[in-house]
Amino acid sequence: MFDVVIIGQGLAGLLTAIRAKQENKRVAVIAEGTGKIMQSTGFMDLIPSSSQNLDESKHLFLQKNISEELIDQSVEWFKALMNEINLPYEGSVHFLSPVVTGAGYVKNTALYPTTVRPIPNKGDILIVGLNGIIDFQPTYVKENLMKERPDLNVSTVTVDFFKGSGRVLSQVDAARAMDDKQVRARFITSLKNEMRTKEIATPDLMIFPSCLGMVNHKDVIEDLNDSIGPVTEAPGLPPNAAAIRLHDALHHYAVKKGVRFYEDETVFHAKVYDGVVTEVLTGNQTKPQAIKLKQLVVASGGILGGGLEQVSTGLSDRTLSLPITSEGTLVDPINNIFYIGSSSKMPWSETWISGGIYTISSSYSVPFTSMDEKNKRRDEKCYINQA
Ligand SMILES: Cc1cc2nc3c(=O)[nH]c(=O)nc-3n(C[C@H](O)[C@H](O)[C@H](O)COP(=O)(O)OP(=O)(O)OC[C@H]3O[C@@H](n4cnc5c(N)ncnc54)[C@H](O)[C@@H]3O)c2cc1C
């Protein structure tokens with residue numbers, strides 16, 4: 001029997017598992033995949049595809065019972081957690097920061113990892129490509145960046161990396177290689193040579209694809225910073241290092257803290273007794289495995305995460321097999337089931353994209369302690385009934 005069972009290991013599921021562990025709960029995560037976190041930029045957006053700050057958008061969060069105070073507390077909690085797991089985040093929900101993406105577009109985000117720096121309005125920028133990485137093209141990035149920031153003075157270089165490897169590299173391949181001190185020393189020498197040949201002076205900021213180390217990112221940034229100048233990653237198409245770092249760091253930490261993971265498992269049914277969910281079923285209909293629980297957190301990502309399906313008759317709940325509303329939540333709410341992250345529809349998105357900040361704050365809003373009291377009373381009632 002687990003105190004808390006979480007369905008899904010996207011950002012919502014992983015954060016909730018860690019929080020539940022901090023509350024000393026017995027926690028299990030059941031997930032059939034890794035979630036959108038792997039395909040994200042690693043930025044925590046307030047309202048995805050919008051530049052609204054919290055003052056302009058807090059009424060939308062309130063529709064989901066998330067207050068400004070709760071958002072502030074959850075962001076502080078998230079930042080403290082990320083510091084502890086050696087992947088610090090900066091930024092604010094009150095003043096969004098302009099960051100550059102792997103396509104050269106500038107977007108305003110709330111929180112960003114410290115491998116990223118906000119993009120200035122003026123100054124000298126050098127966009128650094130790596131031979132072999134085809135999903136980050138410096139000239140294309142420059143073209144888009146110049147449209148967004150016409151006052152920047154932008155140069156580009158492409159540096160040989162893994163010369164002769166004979167295959168296309170992903171940003172994650174390059175990030176893993178950058179972890180090695182000797183490899184990055186060679187890279188820095190090549191970059192300096194390239195800059196000298198093209199007569200490029202030390203820029204105010206260098207923009208890289210998201211490849212600045214997988215685990216030794218602090219060292220990579222420090223080495224580049226000390227030998228040339230300030231750097232930023234521009235996360236774009238998956239797989240990029242910013243997203244994988246985030247997932248791996250949260251997953252490793254959750255495992256280290258004792259969260260039990262049932263991976264590659266699909267939940268297809270929930271058993272409800274006396275208005276309370278008591279177990280979920282995974283595996284298949286003919287040979288299901290029952291996992292008993294006191295509290296269930298649905299972090300199944302809704303339509304995009306696979307927890308819900310759009311069928312001819314409307315939305316279908318392929319996770320709990322219970323009647324659901326057009327928002328994806330239960331027609332008859334159940335006391336010990338909580339929906340977080342993209343598992344239910346957002347007032348700001350027809351596409352079910354919730355964004356990092358809502359995901360963090362909805363995870364943070366799950367009330368473990370009070371549920372325990374309710375469950376204790378339920379257990380006592382069951383015990384009395386059985387007796
Ligand atoms: C491609 C893409 C990129 C994005 N990038 C960003 C970004 O850069 N910044 C940002 O702020 N927001 C981004 N978003 C928004 C995103 O919606 C949220 O920020 C957040 O990542 C959603 O997390 P989640 O945990 O709620 O859902 P998901 O990440 O979708 O996770 C759902 C989890 O539930 C599992 N699951 C589903 N059904 C079942 C089942 N029946 N049994 C077991 N497991 C199940 C899935 O396999 C997965 O593990 C992006 C969205 C998309 C689609």
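Heads up: numbering here begins at 1 and tracks the sequence. Counting starts at 1 for both ligands and their atoms, in listed order.
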Q: Could you tell me whether Gly341 and ligand 1 have an N or O pair separated by under 3.5 Å?
A: no
Q. So which of Gln39, Met38, Lys107, Glu265 gets nearest to atom 43 (C) of ligand 1, if we judge by its closest heavy atom?
A. Glu265
Q: Flag Ser342 as yes when one of its N or O atoms lies below 3.5 Å from any N or O atom of ligand 1, and as no otherwise.
A: yes
Q. Less than 6.0 Å separating the ring centroids of Tyr89 and Phe78?
A. yes
**Q.** salt_bridge(Asp45, Lys107) N-O dist < 4.0 Å
**A.** yes
Q: Return the option from Met346, Gln9, Glu32 holding the heavy atom at the smallest distance from atom 44 (N) of ligand 1.
A: Glu32
Q. Between atom CG of Leu191 and atom CE of Met206, what is the distance when rounded to the nearest 0.5 Å?
A. 6.0 Å
Q. Looking only at heavy atoms of Ala31, does any of them come nearer than 4.0 Å to an atom of ligand 1?
A. yes
Q | From Leu250 atom CG to His247 atom NE2, the distance as rounded to the nearest 0.5 Å | A | 8.0 Å
**Q.** Trace of the side-chain contact (heavy atoms from CB on, under 4.5 Å) decision for Leu111 with Val75
**A.** CA-CA 9 Å; Leu111 306 180; Val75 164; 4.1 Å; yes
Q | ligand 1 contact on Thr41 by region, counting heavy-atom pairs under 4.0 Å | A | both
Q. Do any N/O atoms on Ile340 end up under 3.5 angstrom from N/O atoms on ligand 1?
A. no
Q) Hey, are the side chains of Ile200 and Leu126 touching, using non-hydrogen atoms and a 4.5 Å cut-off? A) yes
Q: Indicate yes or no: does an N/O atom of Thr319 lie under 3.5 Å from an N/O atom of ligand 1?
A: yes
Q | Ligand-side contact atoms (ligand 1) for residue partner Gly356, heavy atom cut-off under 4.0 Å | A | 10 (C), 11 (O), 12 (N), 19 (O)
